[in-house]
Novice: 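Structure below; questions to follow.
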Amino acid sequence: MNPPLPPRQSLAAPGKWPVVGEKAPRASDAPWTLEIVGAVTGPLVFTLDELIALGTETRTIDLHCVTRWSKLNVPFGGVALEKALALAQPSSDARFLSFVARSERNHSTSLPLDDALALGVFLATHADEKPLETIHGGPLRSICPERYFYKSVKWLERIEVLTEDRLGYWESEAGYHNRAEPWAEERYIAPSVAPKILERALASRAFSRLDLRGVELSGRELRGLIARGSLLRDARFVGCDLRGADFTEANLSNAHLDGADLTGARLTDADLEGASLDGANLTGADLSGASLFGTTFLGATGAAAQREEGFGGSLPRPA
Ligand SMILES: Nc1nc2c(c(=O)[nH]1)N[C@H]1C(S)=C(S)[C@@H](COP(=O)(O)O)O[C@H]1N2
Ligand SMILES: [Mo]
């Protein structure tokens, strides 16, 4: 019987462990340390020996790379994240953790604090009873069970405790999904386009005519985005900075634009049916010709929507 694998994953060849992403840490003579900083009562720096003195254990963890290989039951040796974190005492407003690598591009990934603890993120120094090889993140890497492997950072040197999320390298540069749950196949934020195309579109803010159905871009700064005629049905732009964006003739049906700043944005002839713009700022936004059946503007500011001719949706209520 083959072991159960998340959708569309395959087992790596027995004994093989592919290398993905960066191949080596930043060159440095400084001894390895792990810092825990940010929204904590007591910022800490551990040497590796001090970290290990917190108590080591072995955890058997399944690895699922977003590029579709999996490796099951890998025995890792190291220290539970919660032991180190408890000593630093996250403050009451701590919500996210950013795991930062000692690498040329200061590679990072983030996790909600609650998920990191519930999933049992592990600070690994060993794999298969041997010191973790440098190419796989030795001397120290974080391992997050139950998430695609990009949520596990090689050459971990800093954990930043955050009150608001900060997207990691792959998540912000390559359109990788910020939750990364393999059983739900949360690989890319826009499942309908090739990751390379999304990466280029994000870098140049040129979305025109792309099929980006269901894209998850909440919280991003996307000022001046050009998305003329884009297919953005079910897209999520919650809380985005979209000042001056151009959505002329875009299909934004059922899209979520709650709390977005759409100051001066062009939504001319856009399809906004079923979209939610609750709490959005529409000051100076142009909604002429937009279809607004079932669009909600609860608590939105900027009266543009009310004045439009042919308005068929719900009116903004006074705040
Ligand atoms: N520092 C660092 N950590 C990283 C990456 C990276 O490029 N740099 N890539 C991630 C990705 S996409 C994967 S799949 C795994 C790969 O780990 P491996 O090379 O040990 O298989 O590391 C993750 N952690
Ligand atoms: Mo990956």
Side-chain angles (χ1 to χ4, degrees), residues 5-28 30 32-35 48 59-78 81 97-111 115-116 119 121-160 166-189 191 194-196 198-199 202:
L5 284 173
R8 297 195 284 162
Q9 293 292 114
S10 315
L11 284 180
K16 291 276 187 272
W17 182 349
V19 174
V20 181
E22 296 175 298
K23 307 267 183 294
R26 183 182 340 111
S28 166
W32 204 276
T33 51
L34 173 66
E35 273 189 294
L48 284 182
R59 291 267 185 90
T60 301
I61 298 171
D62 297 339
L63 310 183
H64 305 295
C65 178
V66 73
T67 61
R68 299 181 192 275
W69 58 266
S70 293
K71 242 177 109 60
L72 301 184
N73 300 315
V74 183
F76 286 99
L81 167 73
L97 299 177
S98 178
F99 298 82
V100 185
R102 183 189 286 189
S103 79
E104 282 306 331
R105 62 183 182 212
N106 297 314
H107 188 96
S108 73
T109 196
S110 71
L111 289 165
D115 288 0
L119 298 169
V121 168
F122 198 58
L123 307 177
T125 55
H126 287 68
D128 292 316
E129 286 162 23
K130 295 185 292 281
L132 194 56
E133 289 175 68
T134 306
I135 204 161
H136 289 304
L140 185 68
R141 89 176 284 173
S142 62
I143 304 276
C144 181
E146 304 290 328
R147 292 292 180 264
Y148 285 121
F149 205 22
Y150 58 87
K151 289 293 180 184
S152 300
V153 157
K154 305 196 268 193
W155 319 296
L156 179 70
E157 75 165 355
R158 189 163 71 254
I159 298 172
E160 288 183 46
R166 183 197 303 149
L167 288 181
Y169 178 84
W170 294 115
E171 295 88 333
S172 64
E173 302 295 312
Y176 284 31
H177 199 290
N178 195 29
R179 208 170 93 93
E181 212 275 272
W183 298 93
E185 259 208 286
E186 293 169 335
R187 291 178 202 276
Y188 303 109
I189 55 175
K196 276 280 164 221
L198 180 64
E199 189 178 338
L202 280 172

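All ligand and atom numbering here is 1-based and tracks the order in the structure. Heavy-atom basis, side chains included; hydrogens, waters and symmetry copies ignored. What you see is a predicted model; the values in this text were computed from it and never measured.
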Novice: Tell me, with the steps shown, if Phe122 and Arg59 meet side-chain contact (heavy atoms from CB on, under 4.5 Å).
Specialist: CA-CA 8 Å; Phe122 198 58; Arg59 291 267 185 90; 3.5 Å; yes
Novice: Which is closest to atom 23 (C) of ligand 1 in terms of heavy atoms, Ala101, Gly21, Ser152?
Specialist: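 Looking at heavy atoms only, Ser152 sits closest to atom 23 (C) of ligand 1.
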Novice: Counting heavy atoms only, which part of Arg105 comes closer than 4.0 Å to ligand 1: side chain, backbone, both or neither?
Specialist: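 Side chain only.
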Novice: NZ of Lys16: more than 12 outside heavy atoms within 6.0 angstrom?
Specialist: no
Novice: Between the side chains of Asn106 and Arg158, does any donor sit under 3.5 Å from an acceptor?
Specialist: no
Novice: Are any of the N/O atoms in Val153 less than 3.5 Å from those in ligand 1?
Specialist: no
Novice: Between Arg141, Arg26, Glu104, Lys151, which one has a non-hydrogen atom sitting closest to atom 22 (O) of ligand 1?
Specialist: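 Selected option, by shortest heavy-atom distance: Arg141.
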Novice: Checking a contact table here: which protein heavy atom is nearest atom 1 (N) of ligand 1, and how many Å away?
Specialist: Glu22 OE1, 3.0 Å
Novice: I'd like to know if Arg166 pairs up with Glu160 as an ion pair, taking the criterion as any Lys NZ or Arg NE/NH1/NH2 lying under 4.0 Å from an Asp or Glu carboxylate oxygen.
Specialist: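 Yes, this pair counts.
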Novice: For atom 4 (C) of ligand 1, what is the nearest protein heavy atom, given as residue, atom name and distance?
Specialist: His107 NE2, 3.7 Å
Novice: Under a 4.0 Å heavy-atom limit, does Trp170 contact ligand 1 with its side chain, its backbone, both, or neither?
Specialist: side chain
Novice: State plainly whether the residues Glu22 and Lys154 are in salt-bridge range, i.e. N to O under 4.0 Å.
Specialist: no
Novice: Among all protein heavy atoms, pick out the one at the shortest distance from atom 14 (S) of ligand 1; state its residue, atom name and that distance to 0.1 Å.
Specialist: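 Protein heavy atom with the smallest distance to atom 14 (S) of ligand 1: Cys65 SG, 3.2 Å.
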Novice: Just jot down the ligand 1 atoms closer than 4.0 angstrom to any heavy atom of Pro18, in number order.
Specialist: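 Here the atoms of ligand 1 in question are 18 (P), 19 (O), 21 (O).
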Novice: Is it the side chain (CB and beyond), the backbone, both or neither of Tyr148 that lies under 4.0 Å from ligand 1, heavy atoms counted?
Specialist: neither
Novice: Heavy atoms only: which of His64, Lys23, Glu157, Lys154 lies closest to atom 19 (O) of ligand 1?
Specialist: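 Looking at heavy atoms only, the winner is Lys154.
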Novice: With the side chain counted from C-beta on, respond yes when Ser108 and Ser98 share a heavy-atom pair under 4.5 Å apart, and no when they do not.
Specialist: yes
Novice: Are Ser70 and Gln9 linked by a side-chain donor-acceptor pair shorter than 3.5 Å?
Specialist: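 Per modelled atom types, Ser70 and Gln9 side chains form a pair under 3.5 Å.
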Novice: What do you reckon, does Trp69 have a nitrogen or oxygen under 3.5 Å from a nitrogen or oxygen of ligand 1?
Specialist: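 No: no nitrogen or oxygen of Trp69 is under 3.5 Å from one in ligand 1.
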Novice: How are the rings of Tyr176 and Tyr150 set to each other: parallel, tilted or perpendicular (split at 30° and 60°)?
Specialist: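 Perpendicular: the ring planes of Tyr176 and Tyr150 meet at over 60°.
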Novice: So, are Arg26 and Glu104 salt-bridged, with charged N and O less than 4.0 Å apart?
Specialist: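 No salt bridge links Arg26 with Glu104.
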Novice: Pairs of nitrogen or oxygen atoms closer than 3.5 Å, one from His136 and one from ligand 1: do any exist?
Specialist: yes
Novice: Atoms of ligand 1 less than 4.0 Å from Trp17 heavy atoms?
Specialist: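 The list of qualifying atoms is 18 (P), 20 (O), 21 (O).
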Novice: Just to be sure I read this right, does ligand 1 sit under 4.0 Å from the backbone of Phe99, its side chain, both, or neither, counting only heavy atoms?
Specialist: neither
Novice: Regarding Thr109 and Glu171, is there a side-chain donor-to-acceptor distance under 3.5 Å anywhere?
Specialist: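 Their side chains do contain a donor-acceptor pair, which is all the 3.5 Å distance test asks for.
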Novice: Any atoms of ligand 1 less than 4.0 Å from a non-hydrogen atom of Val19? List them with their elements.
Specialist: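 This gives 19 (O) as the contact atoms.
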Novice: Answer yes if the ring centres of His107 and Tyr169 are under 6.0 angstrom apart, and no otherwise.
Specialist: yes
Novice: Any idea which protein heavy atom is nearest atom 11 (C) of ligand 1, and the distance to it?
Specialist: Tyr150 CA, 3.8 Å
